[in-house]
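Following: one structure in structure tokens, then a few remarks.
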Amino acid sequence: MKAKNQRLILALLALAAVIGAGLLAVSGLKQEAAFFYAPGDVAENGLPLGKAVRLGGMVADKSIRHDPDGVTIHFVVEDGKAKVPVTFKGIAPDLFKEKSGVVAEGEFHPDGTFVANNLLAKHDERYMPPELAGKMHKTDTLKP
Amino acid sequence: MHAYANPARFLKIARPLTPICLVVGILLILIGSYAGLALTPPDYLQGDSVRILYIHVPAAWLGMGGWTGIAIASIVQLVWRHPLAGVAARAIAVPGALFTAICLVTGSIWGRPTWGTWWEWDGRMTSMLVLLFLYFGYIGLANASDDRTSVSRATAIFGIVGAVNIPIINRSVVWWNSLHQGPSITLRGSTISSEILWPLAPTVIGFSLFFGGIVLMRMRANLAQAKVEARMRRLAAA
């Protein structure tokens with residue numbers, strides 16, 4: 001075998017080994033590397049009590065309620081599998097809306113509610129001009 | 001491939017190619033930037049901050065594409081001992097690091113109004129920051145050897161090992177729950193409305209040509225430097 005081919009095979013084997021090791025490490029990190037828990041994860045694995053966690057999902061439609069004090073809000077986060085009620089006291093980001101993504105930082109209470117001390121809006125991968133979004137919105141509200 | 005192994009032959013092609021890449025690249029960047037700032041509509045949710053897309057996406061592409069280039073050049077250097085591969089890898093490192101930094105900074109500026117935070121340790125952001133540190137390590141390692149034209153074999157191995165991060169960055173938003181949104185542009189199409197999307201084509205192609213022009217310029221400068229030093233040594237010996 002020519003030295004050149006031997007080096008090529010060695011380099012390709014090394015590359016495959018490195019990528020394999022990387023993928024193994026990444027799949028081992030699957031849970032730990034998640035930025036947030038989804039309501040479905042919580043329903044499946046129980047409440048992560050007594051530690052600061054993030055909860056992410058969609059803000060359920062018509063679920064945002066404001067308390068009379070003006071700074072406390074209640075809403076429901078859902079992911080299609082489960083729902084979690086959330087309480088937050090503070091200023092929500094501009095993009096915090098019903099039917100859009102949110103990541104809440106805080107702690108679970110034993111009764112299953114999530115008390116958030118910070119809210120992040122999660123933008124989705126759809127980008128469109130207002131006219132188009134407006135049309136979509138209209139058809140949404142026209143639906144029975 | 002060995003037709004271009006001769007630096008003289010490479011220079012003959014690189015000399016006219018450099019200004020073409022730079023001029024066409026800058027022209028496309030200007031066209032794309034004007035369109036992205038003045039012609040496209042704002043996004044329904046993000047408003048005008050969507051326009052940072054036209055620099056953030058090319059910067060991310062070049063940061064990751066740069067390292068992919070370094071990895072390919074490293075394999076070519078180790079396997080075929082191609083004399084220009086190391087020169088190319090060395091020339092890519094600094095602009096690659098710069099575009100990675102631009103990607104991180106523009107993403108952070110966009111994140112503040114959109115997400116409500118400058119920085120979060122989610123999978124996409126963390127792996128992109130790791131890429132920047134890999135570039136720093138690569139540049140340090142490349143400069144640690146006496147050879148300032150090409151790179152040492154150890155540096156080439158580092159270039160290949162670091163490539164493992166590239167698929168991780170690309171898949172980070174699919175594998176893990178992340179704050180960063182999923183991919184908008186996939187093989188199945190784009191979830192970015194075409195009115196907002198189109199200036200991305202000239203800016204991505206423009207920045208890529210600009211990047212190529214810079215790399216060619218740096219390769220030529222390093223080859224010229226090596227030539228000068230060789231001549232000086234000959235003069236000193238005579």
So what's closer than 4.5 Å to chain B heavy atoms on A/V103: side chain, backbone, both or neither? side chain

Heavy-atom distance under 4.5 Å to chain B: side chain of A/I91, backbone, both or neither? neither

Pairwise salt bridge (charged side-chain N to carboxylate O under 4.0 Å, His left out) hits with a residue in residues 45-63 of chain B, at least two apart: B/D48-B/R51

For residues 154-171 of chain B, which residue pairs pass the side chain to side chain donor-acceptor pair (under 3.5 Å) check, not counting sequence neighbours? B/S152-B/T155

Does anything in residues 56-74 of chain B form a side chain to side chain donor-acceptor pair (under 3.5 Å)? List the pairs, not counting sequence neighbours. B/H56-B/T106, B/W61-B/S208

Please classify the contact between [X] and chain A as side chain, backbone, both or neither, with a heavy-atom cut-off of under 4.5 Å.
X      : value
B/I75  : side chain
B/I196 : side chain
B/P183 : backbone
B/L179 : both
B/V50  : side chain

Interatomic distance, [X] atom [atom1] to [Y] atom [atom2] [nearest 0.5 angstrom]:
X      : Y      : atom1 : atom2 : value
B/S184 : A/H123 : OG    : NE2   : 8.5 Å
A/L8   : B/W80  : CG    : CH2   : 5.0 Å
B/L45  : A/D124 : CG    : CG    : 7.5 Å

May I ask you to test the [X]-[Y] pair for a side-chain heavy-atom distance under 4.5 Å?
X      : Y      : result
A/D41  : B/N177 : yes
A/E125 : B/H180 : no
B/R81  : A/R7   : yes

Among residues 114-122 of chain A, residues within the sub-4.5 Å heavy-atom range of chain B, in order of number, are A/L119, A/L120, A/A121, A/K122

CZ of B/R153: more than 12 outside heavy atoms within 6.0 angstrom? no

For A/F35, is there any backbone N or O sitting under 3.5 Å from a side-chain donor or acceptor partner on B/D122? no

Between B/Q181 and A/Y127, does any side-chain donor sit less than 3.5 Å from a side-chain acceptor? yes

